[in-house]
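Inspection log for the structure reproduced underneath, given as structure tokens.
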2 protein chains.
Amino acid sequence: MARATEPTGAGAGVGARIRALREARGLSLSTLAAEAGIGKGSLSELETGRRNPTLETLYAVATPLGVPLAALLDDHDGAVVGDEGVVATRVRVVREPDRTTEVYLLRLAPGAERVSPAHPVGVEEQLVVLVGSGFVEHGDGPVPLAPGDHVRFAADRPHAYRAGPDALEAVNVIVTPVTSV
Amino acid sequence: MARATEPTGAGAGVGARIRALREARGLSLSTLAAEAGIGKGSLSELETGRRNPTLETLYAVATPLGVPLAALLDDHDGAVVGDEGVVATRVRVVREPDRTTEVYLLRLAPGAERVSPAHPVGVEEQLVVLVGSGFVEHGDGPVPLAPGDHVRFAADRPHAYRAGPDALEAVNVIVTPVTSV
DNA sequence: CGGCGGCGTTCCGTATACAGAACACTCTAG
DNA sequence: CTAGAGTGTTCTGTATACGGAACGCCGCCG
């Protein structure tokens, strides 16, 4: 367990995010602490990453900031996937009787590749490229990707995303019929 | 502050979610605790809502479950924007020298409408519909929207999204050249 | 029947997150 | 220059989250 006096890995990121949000709103540490109903000392140490906050504390802080708690975590690991240099954050899942829709934020380091085995029949993927360049492969040879591009394809075959010389970032929407898990 | 022996409001939901995920994977409490590297007593009390877990503990549990921490949090509001029945959560912002790319998760209540004034010239929007139906208007008359649909248009004219009889949920990607804000 | 290995819960002592007080520092006013 | 009100930090005692050790309960096997 990390010592209280040195920044906790996870806590550090959260703390920085809170401080950024607070300052963006022009709030002082004392006022935010008061609005959140927590001690200002607690908030100070929380922001500087010297605390490992409680769920209750996190909610207390997120509320007056007007953001969902998830925004503070901004996970980015969520650790859904982690081949070398690949981070996929699941941003949203919608379960309906006849299908499940998932939204991922996909980030590939320069040259990194994310290979997916074939999904069940009927699964469809869409990709909107945010930053960088690369290729997507889904059977008919590699398709080049540039910022702003949109690709849609059936994912019931093996497919892969590959980043170019720059990091590639994209939104990935996956629609799975029926339902699993 | 809540007593340790009675379920915490927030903690209760998280605990239930963890238990559900664990059982869905057929894991025993002891094994999950071991994989997470936490005491099984801690996990037990966490799942039954009798603990107010620490960020570190939450991460420890989320990781072997293979879900992002945000998935444990039921949160899902975010409310960055809110005309009547409209919620837009900004999920990601990428600032580059020559453009800014923003990703929103858009949710419109049944019949609700989100009207945007014209953005600066060169701004482009894309929409991927996750759930529900509706219309997008961007000059050339209303375009119908169905789950899985993708629309791209120049946003330098006034435009609007309107939900049909069901709630409409979509990913909205906005690319703004130069840089603003 | 007793023993054994699994389960989840409750109990314990220790480490630590908490609220609040005391503190150092920077401004502005008088 | 001093007083005051603001900032964010560090300190202190108490409540509690933590890991780990009982504990009770079940199903299996000898």
Side-chain angles (χ1 to χ4, degrees), chain A residues 1-65 69-70 72-73, chain B residues 1-65 69-70 72-75:
Chain A
M1 196 67 81
R3 301 276 306 109
T5 41
E6 57 199 33
T8 306
V14 174
R17 203 166 299 269
I18 291 175
R19 174 152 294 188
L21 285 168
R22 174 172 67 79
E23 292 179 341
R25 283 161 181 64
L27 296 173
S28 80
L29 196 145
S30 335
T31 41
L32 177 57
E35 287 181 21
I38 70 173
K40 73 170 172 173
S42 303
L43 184 54
S44 171
E45 294 187 358
L46 201 174
E47 287 190 352
T48 48
R50 255 166 304 129
R51 280 260 186 113
N52 170 21
T54 277
L55 185 59
E56 197 170 336
T57 305
L58 289 171
Y59 269 114
V61 174
T63 304
L65 285 174
L69 182 42
L72 295 182
L73 306 175
Chain B
M1 197 65 79
R3 302 275 305 107
T5 41
E6 58 199 32
T8 305
V14 174
R17 205 167 298 268
I18 291 175
R19 175 152 293 190
L21 285 168
R22 174 173 66 79
E23 292 180 342
R25 283 161 180 66
L27 295 174
S28 81
L29 195 145
S30 335
T31 41
L32 177 56
E35 286 181 21
I38 71 174
K40 72 170 171 172
S42 304
L43 184 54
S44 171
E45 294 188 358
L46 202 174
E47 287 189 351
T48 48
R50 254 165 306 129
R51 282 262 183 113
N52 170 21
T54 279
L55 185 59
E56 196 170 337
T57 305
L58 289 170
Y59 270 113
V61 174
T63 304
L65 285 174
L69 183 41
L72 297 181
L73 299 175
D74 64 3
D75 221 8

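Small disclaimer: the values here were computed from a predicted structure and weren't measured. Protein chains get the first letters and strands the later ones, always in sequence-line order, with residue 1 at the start of each.
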Students often get this wrong, so: under 4.0 angstrom with heavy atoms, is A:Thr54 touching a base, only sugar-phosphate, or nothing? sugar-phosphate
Can you tell me how far C1' of D:dT16 sits from CD of A:Glu56, to the nearest Å? 11 Å
Within the structure, does a side-chain N or O atom of A:Arg50 lie under 4.0 Å from either OP1 or OP2 of C:dA17? no
Atom-to-atom span, CD of A:Glu47 to P of D:dT9 - whole angstrom: 7 Å
Please state how far atom CG in A:Asn52 lies from atom P in C:dC18, giving the value in whole angstrom units. 8 Å
Phosphate-side-chain proximity, A:Arg22 and D:dG8, N/O vs OP1/OP2 below 4.0 Å: yes
Provide a list of protein-nucleic acid N or O atom pairs under 3.5 angstrom, restricted to nucleotides 20-27 of chain D.
none

Counting C-beta onward and ignoring hydrogens, is there a side-chain heavy-atom pair between B:Thr48 and B:Arg19 closer than 4.5 Å? yes
Can you sort out which residues in residues 26-35 of chain A have a heavy atom within less than 4.0 Å of DNA chain C? Ascending by number, please. none
Between atom CG in B:Leu46 and atom C1' in D:dA17, what is the gap in whole Å? 10 Å
On the nucleotide C:dT9, are OP1 or OP2 found under 4.0 Å from the side-chain N or O atoms that B:Ser44 carries? yes
Determine all donor-acceptor pairs shorter than 3.5 Å in which one atom belongs to a side chain in residues 27-41 of chain A; sequence neighbours excluded.
from: A:Ser28; atom 1: OG; to: A:Ser30; atom 2: N; distance (Å): 3.4
from: A:Ser28; atom 1: OG; to: A:Thr31; atom 2: N; distance (Å): 3.1
from: A:Ser28; atom 1: OG; to: A:Thr31; atom 2: OG1; distance (Å): 2.8
from: A:Thr31; atom 1: OG1; to: A:Ser28; atom 2: N; distance (Å): 3.0
from: A:Thr31; atom 1: OG1; to: A:Ser28; atom 2: O; distance (Å): 2.8

Rounded to whole Å, CG of A:Leu43 lies from C1' of D:dG8 at a distance of 10 Å
Quick one, B:Leu58 and A:Leu73 - any side-chain contact, counting heavy atoms below 4.5 Å? no
Nearest whole angstrom, please: distance from the P of C:dA17 to the CG of A:Leu55. 15 Å
From B:Leu46 CG over to A:Leu55 CG, what is the distance, rounded to the nearest 0.5 angstrom? 9.0 Å
Could you give the CD-to-P distance, from A:Glu45 to C:dT16, as a whole number of Å? 13 Å
For B:Arg19 and C:dC7, what is the distance between atoms CZ and C1' respectively, to the nearest whole Å? 11 Å
One should read off an interatomic distance between A:Arg22 CZ and A:Leu43 CG, to the nearest 0.5 angstrom, of 6.0 Å
Could you grab the distance from atom CZ of B:Arg50 to atom OG of B:Ser44, nearest 0.5 Å is fine? 6.0 Å
